[in-house]
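The figures that follow rest on heavy atoms only: side chains count, while hydrogens, waters and symmetry mates do not. All figures in this text were calculated on a predicted structure; none of them were measured in a lab.
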2 protein chains.
Amino acid sequence: MAGRKIRNMEEFAEVSGISRPTVSKYFHDPGSVRKSTRARIEEALERYEYRPNIFAMNQNRRLTKNIGIVVPYLADPFFAEIARNLERRCIDAGFFPLLFSSHGEQAQENAILDSLRLLKPAGVLLAALGRPSDHDHIKRFCADVPTVLFDSYLDATGAAFVGSDHAQVLRLMVDYLCRSGQPPVYFEMRNPVNPNANRRRAGYVAAMESLGQTPEIVRVDGQGWNFEQIGFDGGGALIERGGFATDTVLCNNDRLAIGLIAAAYAKGVKVGRGPECTLRIAGMDDHPFSQFTCPPMTTIAQDYAAIADRSVETLFNVIENGALTEPRAETLFEGRLVMRDSA
Amino acid sequence: MAGRKIRNMEEFAEVSGISRPTVSKYFHDPGSVRKSTRARIEEALERYEYRPNIFAMNQNRRLTKNIGIVVPYLADPFFAEIARNLERRCIDAGFFPLLFSSHGEQAQENAILDSLRLLKPAGVLLAALGRPSDHDHIKRFCADVPTVLFDSYLDATGAAFVGSDHAQVLRLMVDYLCRSGQPPVYFEMRNPVNPNANRRRAGYVAAMESLGQTPEIVRVDGQGWNFEQIGFDGGGALIERGGFATDTVLCNNDRLAIGLIAAAYAKGVKVGRGPECTLRIAGMDDHPFSQFTCPPMTTIAQDYAAIADRSVETLFNVIENGALTEPRAETLFEGRLVMRDSA
DNA sequence: TTATAAAAGTTACGCGCGTAAAGTTTTTAT
DNA sequence: ATAAAAACTTTACGCGCGTAACTTTTATAA
């Protein structure tokens, strides 16, 4: 750690006594150079603390080490948690993750994809906005860059899809709720920005019908990603107007459920399974905060780590071998019922 | 929107009938070229949809348009929300934000700073890990890159600091709690990773003493950033062992309070100000979910938007004029008491 | 119309690195 | 020891763009 400052690979090659192309090779793959050469480079590396400029590297490389990660809304803890898992796995695999949030806006999503293209990423992990997305734009992007879609389903786009099996998830939850009490009413936003809303609703309807129950859907107004607030406001109004068709509510996602549970508390409605309770509320996602609602929320856990693992793994596969299967590979993870006290 | 694909500025210059250097000038500042030239370029721009490669631009530019944003832990909604605000403001100002999370690890923070240096960012907005940070590493970085620190205070590092006035915040909260009931016990983690823990504790002690009260601090064990869990576990154990010295608890931050409120609920302890309540719990930060706890949390709001605004504004100032003031500028925002029902 | 300034074009080099080709040295195998 | 293979060095060019120096064209003024 000393001496002159190293400004580029040329200078570093000089002080290490190795030619620049060989040094370049070393950084591309340390195992590709002779042991004695590696030793000399690594010794110099300790003395001079040089690191190649990753953005200059990417200029000529066919395969860069950049991985783009795009989520629709990063302030949503679900995506924050997924992103955290994805980043870690990319780093562990020697890649350089770059994280972007579309902030719920199509223009932003498109802009991110455009910028990402310039970064020449080895691959991209994309959770699209869903309905608000510019599908053509995304498709064009996927044609140029190896892309694995996750969480948010877009038809026939990208090299692979990793998400959750909403049909199974809803069946699981609806089964449980019907078995343990009154059939659930489904609670969602009227204009859902959440990318999976439609599939979940369909899953609910199918599950109810297969049990011989009539589906009952309640929709509340609200714009944007402030789900808790929307659940709180809409739920509160509904409770005041006499409550739901049954004593059981299944929310489209945990954040909506968090709002609804808070609304019930505010209105003095006891939530839970106990004898003195008059409302059961269930969510979906096993949001990081759902275990801290009062009462703790019964929900369906998505295996964040597994989704992240499989997404990254699939992407690396696509990067190395190209999109193998003609109809793109789709991995759907099953959910796990997390029994807590709210339903 | 048609014709051949434009691969670089050279090709675009060709189809627009303008020389490449002039085109380059146009992209640097559209107003710097003749009106007729600008018209021709913009016309070609519509026909061919070309955008310069931002990462190649940055290679030679003195001042790039990249802004690095670094937060200690992005899965924490507080930082997610701040990051969202910062990103938006950078985009609006024509910059290109790049977001990184240190994931609570020093090695990660250092690696991010190293990579960021290569991006030749115009400036960096850094919320450091705090205690776990490699202060020397950060200082060296700040010497090379215009950096505004925010939220997490590091002594004499960076060109400016924007954060909150913990002394004022604690005074406000302690005053309120003492005035409205028993004096608060302070609840925190034994080994806080949260960067502001020390200043907050000091603020608590000072505020209590100025009111003639004896500070009482309770510390719970726990590692990492899973604050709710730590608050839940530690708080639950404390409640079982007989509770706190007074009936009022002030938590180091909202997330800890969320856990503690959940623990109280689980143990059947009524939280709030009402006559039947036996525990008051207050937090700090006005975390996005704090209004949905049961009961809704009384806390101190930090003005996310103002902090983000000022941070970005300060950074732009530093970028344009260099670090003006010798002792770096420090902006401390006051908090606002958010009276809800938990205390 | 002519002088003059401003803008645009031309040419050339540089950023930090990838990478291919050709020649040289070292290692491994025979 | 000798041949073959492997690893290295040298040389040179390219990525997409910034930018400086110089020449030519265009706009403005007198």
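Between B/T157 and B/C142 the shortest heavy-atom distance is CG2-SG, 3.7 Å.
Side-chain proximity of B/I18 to the nucleotides D/dC17, C/dG9, C/dG16 is greatest for C/dG9. Candidate nucleotides D/dC8, C/dG9, C/dG18 were compared by shortest atom distance to the side chain of A/V33, and D/dC8 ranks first. Taking the side chain of B/R20 as heavy atoms from C-beta on, and the options D/dT9, D/dG18, C/dG18, the nearest nucleotide is D/dG18.
The side chain to side chain contact (heavy atoms under 4.5 Å, CB included) check on A/V33 picks up A/T22, A/K25, A/Y26, A/T37, A/R38, with sequence neighbours excluded. A/F96 pairs by the ring-ring contact (aromatic ring centres under 6.0 Å, His included) definition with nothing, not counting sequence neighbours. Under the side chain to side chain contact (heavy atoms under 4.5 Å, CB included) criterion, A/D92 pairs with A/R88, sequence neighbours left out. A/R51 pairs by the side chain to side chain contact (heavy atoms under 4.5 Å, CB included) definition with B/D114, B/S115, not counting sequence neighbours.
The CZ-P distance, from B/R38 to C/dA8, rounds to 9 Å in whole Å. If you measure from atom CD of A/E11 to atom C1' of C/dC15, you get 13 Å, rounded to the nearest angstrom. Here the C1' atom of nucleotide C/dG9 and the NZ atom of B/K25 are 11 Å apart, to the nearest Å. Distance, A/F12 CZ to C/dC15 P: 19 Å, rounded to whole Å. Between B/H28 atom NE2 and C/dA7 atom C1' the separation is 16 Å, expressed in whole Å. At whole-Å resolution of the value, CZ in B/R7 and P in D/dC17 are 12 Å apart. Computed from coordinates, the A/N53 CG to D/dG16 P distance equals 16 Å when rounded to whole Å. Nucleotide D/dT9 holds its P atom 13 Å from the CD atom of A/E10, rounded to whole Å.
Centroid-to-centroid, the aromatic rings of A/Y73 and A/F78 stay 6.0 Å apart or farther. A centroid separation of 6.0 Å or more is found between the aromatic rings of B/F12 and B/Y48.
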Could you list all N or O pairs between the protein and nucleotides 21-30 of chain C that sit under 3.5 Å apart?
none

List every contact pair, protein side and nucleotides 3-5 of chain C side both N or O, where the distance is under 3.5 Å.
none

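Distances shorter than 4.0 Å separate some side-chain N or O of A/S19 from OP1 or OP2 on D/dT9. Side-chain N/O atoms of A/Y26 include none lying less than 4.0 angstrom from OP1 or OP2 on C/dG18. A sub-4.0 Å separation between OP1 or OP2 of C/dC17 and a side-chain N or O of A/S24 is absent. OP1 and OP2 of D/dC8 both lie 4.0 Å or more from every side-chain N or O belonging to A/T22.
Ion pairing of B/R84 with B/E81 is present here, as a side-chain N (NZ or NE/NH1/NH2) and a carboxylate O approach within less than 4.0 Å.
Between the A/E87 side chain and the A/L99 main chain, no donor and acceptor come within less than 3.5 Å of each other.
Rounded to the nearest 0.5 Å, atoms CG (A/L45) and CD1 (A/I6) are 10.5 Å apart.
Among the atoms of the strands shown, only primed sugar atoms or phosphate atoms (P, OP1, OP2) are found under 4.0 Å from some heavy atom of A/Y50.
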